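Working notes for the structure below.
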Amino acid sequence: MEVIGKYIDLLKNAIWGTDMQVDVQPEEVLQIVQLSAFQGTGPLVFDQLLKQKDVEIPAALRMQMKQQCMMSMMQQSTMMPILGQAWKAFEKAEIHPVLLKGFALAQHYPQQHLRQWGDIDLYVGQKQYHDACAVLREAFPEAKHPKEEFEFLKHYNFVFGDTVLEMHRISMDFHHPRDRRYYEGLEDKYLTKDGPSFELNEIRITTPDETFNVFFTFLHAWHHFMETGMNMKQVCDVAVLLHAKHDVIDRVQLKEMLTKLHLMEVWQLLMYIIVQYLGLSQAEAPFYNEGCKDRSELLFERILKEGSSRQAEKLNADGASYLKRKWLTLQSRMADSRMVKPYAPKYARHTAISDILHGIERTIKGSEKAYNVECV
């Protein structure tokens, strides 16, 4: 537990721009390095560890840490031209994208090049989706992409070696029909060309409405927890964004989003972790509630132990009938609800109801068919 505390102290230095000295013993260095990488916060913590006075780090490990920091910077410099080219192609076609997640969040870190980036995420919406696919296929003839523009997928991907541009038809999918309708209304209202923007390489990049962006960043982290696990990078994103935008967040608007989508209970779990462990002030953590302490501590332990490494259970449905496959899928979804229950019992109930309704909806529509998402 002492190693975890020191890892957290170094991480706080990185996300808040502080220079607290952390007493790291030689035998703890490798453990902190491994934990940092596992949690998606490698470059952030490596940079801080290298700055600590009187910390004994083997020369080979010190070199590896420096290389990881440099690789993070180089990856971003590789991705920026792709983002710029895509943005200009959209502007020429009078399509209005909105930048989601990584690039938009990194600007709020003290050293944005140390925030580990993954994919480039551009939202275009359902109305512009097919036109946008055509625009980017013409703009990037060398990139690999799916043969078809599937309506059941969240995004259409363009692959450039180690870099992926995800062009989002929708920003998030919901199983409950009522949740889905409400969230689509949020997308129409808050993911538009009129959102706040910032300059990147002489291009004005549009981002989501400030309050919606805080909500979406939290939602994205929780979606990862439900699928493969949440890591500390995703928790830091929420914390940093709350700190940067605390004075412009519309709390009435945020409360409505969280309440309508049954997520207030989950939100408060994360607020407790961010305040108690990452040091965000309670004043900057909307709807903070110490009443969820025990469940939040349990969730925090799981995040540290699991990160984003949870493996999805494979369904053995070979040779099964259509209805049997549907039943097996529903059983898997019910397992997700049971997994969440110790942390957020109210949300777990809503998840179970949503999955049942989604299963009925798909069965009625007869949507079971083979899709080939092979890239060309």
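The analysis underlying the following values was restricted to heavy atoms, covering all of them including side chains, and did not include hydrogens, waters or symmetry mates. Fair warning: this is a prediction, and the values are worked out from it, not measured in the lab.
- Taking a cutoff of 4.0 Å between a charged side-chain nitrogen and a carboxylate oxygen, Glu138 and Lys92 do not qualify as a salt bridge.
- Using a cut-off of 4.0 Å between Lys/Arg side-chain N and Asp/Glu carboxylate O, Glu184 and Arg180 are scored as not salt-bridged.
- Lys346 places no side-chain N or O within donor-acceptor distance of the main-chain N or O of His262, the cut-off being under 3.5 Å.
- Using a cutoff of 4.0 Å between basic side-chain nitrogens and carboxylate oxygens, Lys12 and Asp9 are scored as salt-bridged.
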- So His243 and Val240, side-chain contact (heavy atoms from CB on, under 4.5 Å) or not? Walk me through it. CA-CA 5 Å; His243 178 66; Val240 168; 5.8 Å; no
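- In terms of heavy-atom proximity, Val98 sits nearest to Leu191 at CG2-C, 3.8 Å.
- Checked by atom type and distance alone, the side chain of Thr207 pairs as donor or acceptor with a backbone atom of Pro196 at under 3.5 Å.
- Classification of the His224-His220 ring pair by plane angle, with boundaries at 30° and 60°, yields perpendicular.
- Here Asp237 does not pair with Lys233 in a salt bridge; the nearest charged N to carboxylate O distance is not below 4.0 Å.
- One N or O on the side chain of Ser72 and one on the backbone of His113 form a donor-acceptor pair closer than 3.5 Å.
- Checked against the 6.0 Å centroid criterion, the rings of Phe225 and Trp222 qualify as a close aromatic pair.
- Of the possible donor and acceptor atoms, none in the side chain of Arg295 sits under 3.5 Å from a partner among the backbone N and O of Leu269.
- Under 3.5 Å, the side chains of Gln276 and Tyr288 contain a donor-acceptor pair of N or O atoms.
- Residue Phe38 comes nearest to Glu306 through the heavy atom pair CZ-O, 3.1 Å, listed as atom of the first residue, atom of the second, then distance.
- Between the side chain of Ser308 and the backbone N or O of Asn231, no donor-acceptor pair lies under 3.5 Å.
- Not a single donor-acceptor pair under 3.5 Å links the side chain of Arg169 to the backbone N or O of Gln126.
- Under the 3.5 Å distance criterion, the side-chain polar atoms of Gln234 are left unmatched by any main-chain donor or acceptor of Met230.
- Using modelled atom types and a 3.5 Å distance limit, the side chains of Tyr277 and Glu297 yield a donor-acceptor pair.
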- Message: Please evaluate residues Asp162 and Thr78 with respect to the criterion side-chain contact (heavy atoms from CB on, under 4.5 Å), reporting the C-alpha separation (whole Å), side-chain torsions for both, the decisive distance (0.1 Å), and the verdict.
- Response: CA-CA 10 Å; Asp162 295 332; Thr78 299; over 6 Å; no
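- Trp16 places no side-chain N or O within 3.5 Å of a backbone atom of Leu280 that could act as its donor or acceptor partner.
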